[in-house]
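Keep in mind it's a predicted model, so treat the numbers as computed, not measured. Every chain is numbered from 1 and lettered A, B, ... according to where its sequence line falls, protein lines coming before strand lines.
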Protein chains: 2
Amino acid sequence: MAKERVTVIDIARAAGVSKSTVSLVLQGSSLVNEATRAKVNAVIRDLGYVYNRSAANLRQAKSKIIGIVVNDLTNSFFAELAVGVDAVVQSAGFVQFLANTGEKSERQREVIASMREHGVSGLIISPARGTEAADLAPLVESGIPVVLVVRDIAGAGVSSLISDNRAGALAAVRHLIARGHRRIAFLGGFADTAVFQARVRGYRDALREAGLNAGDDLVIGSAPSRAGGVTAIEQAMMLEERPTAALCFNDAVAFGVCDGLRARRLEPGADFAVIGFDDVIEAKTAVPALTTVSVDPQGMGERAAELLLKQIKAGRAEPEAIVSPVRLVVRQSCGAAIERRLKEVSS
Amino acid sequence: MAKERVTVIDIARAAGVSKSTVSLVLQGSSLVNEATRAKVNAVIRDLGYVYNRSAANLRQAKSKIIGIVVNDLTNSFFAELAVGVDAVVQSAGFVQFLANTGEKSERQREVIASMREHGVSGLIISPARGTEAADLAPLVESGIPVVLVVRDIAGAGVSSLISDNRAGALAAVRHLIARGHRRIAFLGGFADTAVFQARVRGYRDALREAGLNAGDDLVIGSAPSRAGGVTAIEQAMMLEERPTAALCFNDAVAFGVCDGLRARRLEPGADFAVIGFDDVIEAKTAVPALTTVSVDPQGMGERAAELLLKQIKAGRAEPEAIVSPVRLVVRQSCGAAIERRLKEVSS
DNA sequence: TGACGAGATTGGAACGTTCCAATTATTAGT
DNA sequence: ACTAATAATTGGAACGTTCCAATCTCGTCA
């Protein structure tokens, strides 16, 4: 069954031309006569020829592969990021190598090594927790274009594309304050990540400018997952002075917070305001629809891919650090429902 | 910056051995003396050598790549499936090529072609909607091991691994009937897929064996997403005789149904019983925790990968069709909460 | 001492493609 | 009709590895 490989030489023989001509046809060169091109293409189809990229890569020392390594594919934020990357990478004629590190830096080392061995021409990395510049040093020295997404690493010397976490948190908390909230919690996330710190900074700045004290008791970390959100809100509700609103580390945490609230017979959006971060697709269809800071993961993936492609084309490009703007999308979970209900009553 | 490639020949020169010896070291052959092995390894480290898999693949006509193509990475079921595959594939020393087709068969054709060009040694495919045996024919003729997951394709002549959809639906509906429900809907999913049909078959069989009529008005299709669930339940509640319970096509639909219920001030689990299908990670932490038919996507990914690896190792294996058992996980959303509340009151 | 075999090592061919320089075929200009 | 320019085609080398058969180096045994 496993038939002989048909090669460019077989095609050449069958079409009565040389292998060089076949090669030219394969890469769509304008040098070859229309008639021969047609003939060669016909033979290619007939013999069921499959191009051997390994051989091509070997000769021209560049592949059409780009690698993307994410720290948690299970989180739909990263899944969406990956489909964004996939979309633009595909249409540029590249193919995507995707690996999931599950936040383990050992695994990350392995997959990056493996990708280099396969000769990827660029890499998009959302680094695992605790990744340091030194971990990436051999990679960047090799001259392979790299763009870091979501999480930046100081001193890595490569391009990065992160969202404006501080500004997003600032806007969200200002919104809550404008609605009259005074005890506002920050829930979820690992405190040792740069993303967490940036978001908390925005949170604190907003409180400060409103003259509210940003006590540490209201910043409660947890795993950045739905389950983490449940535990975080439980902890928050144990406090002497309970918060009335929360900005969550991400949407997954926010959903968990809603779950935890309901478990205590509190209705998110009515009895307690919750704002998420990321704007994953489910945010708009959830009930109540989640107010969140939109970072458009898919769009981010697209932009990261474009940036990488640009660098690949340019050969050697200066690293750029892009911070992607972010906007607050106000939906129901932050208390819009309360106002509406008041209006309904008064009318 | 972009330094010269260091090759096996450079290593050989620096270590004072031949390239053949270096090659032997690279593949961990026992033929080479311990002392030379150590020396070669040291030089490899010093020079920062990167193995060139393209060259190796070219020579030995087999790669360490397996491809996985999924129809919707945005759906966390498939994301989890992918991480399951990734886990076993990685530890077998393979690397994973992941592509997302977004249900478009054109895209699917492209990515499969691309994977073949890269010389993948096996393929795990969750086919896009509407894929036919003919679409896969050239692939399977080439002798590359293929395993189909989630969705089987009649007459494709390759291995498949699907879950026991009929049995799962049967168990779920029996459970609802045992709880006293008489008007039970089947919500969500595209009616033209084999998975949908199998699940509906189980649903109908359960109703029939209880002597209930399985009227078509209670089977309501929709997109298999959260948003689809919202529209499906809305449609169901328009019926003259409203259902009191629903089996949903998958968990995403089930979550949407819960959302839709809440939008009508109905509490899922208390006022209406809902059962999902798949058991994605969020199912157990949601509120109310989702009763669902557990298919363990990650485990399925692992099993699919193992099956594929087995076939790759065996060279040529008879296609096997595995149907993976499934079990009903009873949590709150199907009405457990009602009973518990009754008990609380009476005690 | 010579033959033998096991343990290590080696040079060259091969994998399927692309690139280069060279060649042939075709057309245009004088 | 001859040259120049252009269009189309070509053979061979090269890419970095693995495989094969051959070689070399010992120590052992008769």
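- Remark: Thr21(A) is not in phosphate contact with dT9(D), judged by side-chain N or O atoms under 4.0 Å from OP1 or OP2.
- Within a heavy-atom distance below 4.0 Å of DNA chain D, the residues of residues 30-39 of chain A found are Leu31(A), Val32(A), Asn33(A), Thr36(A).
- Atom C1' of nucleotide dA13(D) and atom CZ of Arg59(A) are separated by 7 Å, given to the nearest angstrom.
- Base engagement by Ser20(B) is indicated by at least one non-hydrogen atom pair under 4.0 Å involving a base atom.
- Close to dT9(D), at under 4.0 Å from its OP1 or OP2, lies no side-chain N or O of Ser18(A).
- Checking the phosphate oxygens (OP1, OP2) of dC19(D), a side-chain nitrogen or oxygen of Gln60(B) falls inside 4.0 Å.
- Contact between the side-chain N/O atoms of Ser23(A) and the OP1/OP2 oxygens of dT18(C) is found at a separation under 4.0 Å.
- Atoms CD1 (Ile9(B)) and P (dG12(C)) sit 12 Å apart, rounded to a whole Å.
- For the pair Leu58(B) and Lys19(B), both in contact range of DNA chain C, the more 5′-proximal nearest nucleotide belongs to Lys19(B).
- Rounded to 10 degrees, the angle separating the terminal helix axes of the helix from dT1(C)-dA30(D) to dT30(C)-dA1(D), each built from five base pairs, is 60°.
- Residues Arg151(B) and Pro127(B) share a closest heavy-atom pair of NH1-O, 2.9 Å.
- For the OP1/OP2 pair of dT17(C) and a distance below 4.0 Å, the side-chain nitrogens and oxygens of Gln27(A) include no atom meeting the criterion.
- If you take CZ of Arg53(B) and P of dG16(D), they are 17 Å apart, rounded to a whole angstrom.
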